[in-house]
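Below you'll find the structure, written out as structure tokens, and then a few comments.
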Amino acid sequence: MYGSESGSVPEDLERTAFRRAEKKYKLYYEDTYKSSKKKRKPKPVDLSEVLDFNSILESYYQNVELPHGVVPLRCGFDRPVFSLENRPGFYFIPGALSVKEQCQWIKESLTSFPQPPNRTNHNAFYGPINDLFIAANERKVLVADGGSNSECDPSVSNGGVHGWKFFEEHEVSSKGSTCKSVSASVLLRKLRWSTLGLQFDWSKRNYDVSLPHKKIPDTLCQLAKRLATPAMPLGEEFQPEGAIVNYFGPGDMLGGHLDDMEADWSKPIVSMSLGCKAIFLLGGKHREDPPIAMFLRSGDVVLMAGEARECFHGVPRIFTDGENDEIVTLQRQFSQEDDFSVLEYIRSSRININIRQVY
Ligand SMILES: O=C(O)CCC(=O)C(=O)O
Ligand SMILES: [Fe+2]
């Protein structure tokens with residue numbers, strides 16, 4: 001499902017309309033800048049066909065005609081909600097989260113959500129990792145304890161458990177380069193997903209109820225229940241049971257896919273965008289259907305329910321450059337709160353939290 005700027009795609013996959021749109025919006029760099037990674041310049045991309053719900057919201061407030069096919073929903077929600085004429089079950093709530101809420105969920109996504117027993121993409125290789133964000137700020141290094149080859153672990157003189165443990169940088173460098181190690185900041189940069197509540201097993205593409213898990217935090221549940229209301233049948237309440245947190249760095253993308261592992265597709269997926277702006281592609285039921293492209297900004301919420309659950313979707317691009325990322329207010333807030341480590345992370349990242357009712 002995931003890809004990155006370096007991923008190559010078999011030719012036949014490029015034949016679908018969805019794949020062509022992914023290619024159109026994906027990050028490519030100008031060739032002339034290839035030699036120097038720092039100065040690489042993104043190739044310009046034509047964004048004229050990307051739906052912009054910020055300007056749609058403005059038009060709505062000013063009573064100006066909306067783009068063809070965009071329909072405001074009358075549902076009594078406390079913010080404007082838009083639907084798309086030819087994608088029933090899809091709802092867009094621009095700016096649904098306040099800046100404070102955005103900061104709160106960004107911080108939780110970095111600090112508490114990746115904590116065991118929640119799983120992350122690092123589990124398969126390193127096992128559970130505690131306090132990754134703190135370790136990254138303290139410039140710690142994760143070191144392999146090689147069992148019999150235990151000189152790798154500065155604290156173990158002979159034998160010891162197999163596994164990985166954080167150490168201070170100087171403890172590791174004094175040991176030389178014989179041990180397998182990776183810096184916490186590299187691991188934080190490579191964090192791609194964490195799962196909350198019922199744990200999603202990516203290898204089986206299913207929920208594994210036998211895996212230990214904690215309930216989704218109550219504040220997040222309450223928020224998701226409220227945000228889900230425009231897509232819920234009257235009188236029914238959304239029951240958040242599982243969530244996937246996606247972390248995107250520059251050049252990362254989320255390939256076209258369906259989320260079809262939940263039992264009841266009439267219930268929405270509540271999807272919150274945080275950090276740098278992205279392009280979201282909402283396709284149809286077939287990869288051959290031309291997708292609709294739209295910007296997702298920090299604070300936007302998307303709901304996918306009913307027929308929209310059968311639509312391919314993905315994120316081909318995030319914008320991490322100051323001109324396009326649209327995170328000034330977020331940056332200001334983190335600076336005011338002296339949260340410079342979070343600020344550093346989010347200025348080149350996007351986080352998506354999508355919350356699901358599984359049964
Ligand atoms: O990042 C997004 O906005 C979409 C995420 C998504 O589709 C998923 O995790 O299934
Ligand atoms: Fe999805």
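Order of appearance sets the numbers: ligands from 1, and atoms from 1 within every ligand. Heads up: numbering here begins at 1 and tracks the sequence. Just so you know, these numbers come straight off a predicted model, no measurement behind them.
Near F248, the atoms of ligand 1 lying under 4.0 angstrom from a non-hydrogen atom of the residue are 1 (O). Those atoms of ligand 1 that come under 4.0 Å of a heavy atom in L254, given as number and element, are 4 (C), 5 (C), 6 (C), 7 (O), 8 (C). Taking every heavy atom of R356 and a limit of under 4.0 angstrom, the matching atoms of ligand 1 come to 8 (C), 9 (O), 10 (O). Per-residue contacts place R350 under 4.0 angstrom from the following atoms of ligand 1 (heavy atoms of the residue considered): 1 (O), 2 (C), 3 (O). Atoms of ligand 1 found under 4.0 Å from any heavy atom of L296 (numbered from 1 in listed order, with element): 3 (O). Residue H257 has at least one heavy-atom neighbour below 4.0 Å for each of these atoms of ligand 1: 6 (C), 7 (O), 8 (C), 10 (O). Interface of D259 with ligand 1, defined as ligand atoms under 4.0 Å from a residue heavy atom, comprises 10 (O). For ligand 1, the atoms lying closer than 4.0 Å to a non-hydrogen atom of H313 are 7 (O).
Of the residues listed (E108, Q102, K107), the one engaging W105 in a side-chain contact (heavy atoms from CB on, under 4.5 Å) is E108, and it is the only one. For the ring pair (Phe, Tyr, Trp, His ring centres under 6.0 Å) criterion with Y207, the lone passing option out of Y359, F200, W202 is F200. Partner of D259 under the side-chain hydrogen bond (donor to acceptor under 3.5 Å, both in side chains) criterion, chosen from R309, R356, R205: R356.
Within the 6.0 Å centre-distance limit, the rings of F82 and Y60 are counted as a close aromatic pair.
For the pair W193 and ligand 1, no heavy-atom separation below 4.0 Å is found. Assignment of M304 to the shell around ligand 1 is not supported, since no heavy atom sits closer than 4.0 Å.
R226 is linked by a salt bridge (charged side-chain N to carboxylate O under 4.0 Å, His left out) to D78, counting only residues two or more places apart in sequence or in another chain.
In this structure, E236 pairs ionically with K267, as a charged nitrogen and a carboxylate oxygen lie closer than 4.0 Å. A salt bridge links E307 with K285: the closest approach of a Lys/Arg side-chain nitrogen to an acidic carboxylate oxygen falls below 4.0 angstrom. A salt bridge links R297 to E326: one of the charged nitrogens lies within less than 4.0 Å of a carboxylate oxygen.
Of all the heavy atoms of V302, none lies under 4.0 Å from any atom of ligand 1, so neither backbone nor side chain is involved. At a heavy-atom cutoff of 4.0 Å, ligand 1 is contacted by no atom of M253, backbone or side chain.
In this structure, a donor-acceptor pair under 3.5 Å is absent between the side chains of N137 and R139.
Annotation: S273 places no N or O atom under 3.5 Å from an N or O atom of ligand 1; distance criterion only.
In terms of modelled atom types and a separation under 3.5 Å, the side chain of S271 and the main chain of N354 share no donor-acceptor contact.
The minimum distance between the Fe ion (ligand 2) and any N, O or S atom of D259 involves atom OD2. H257 contributes NE2 as its N, O or S atom closest to the Fe ion (ligand 2).
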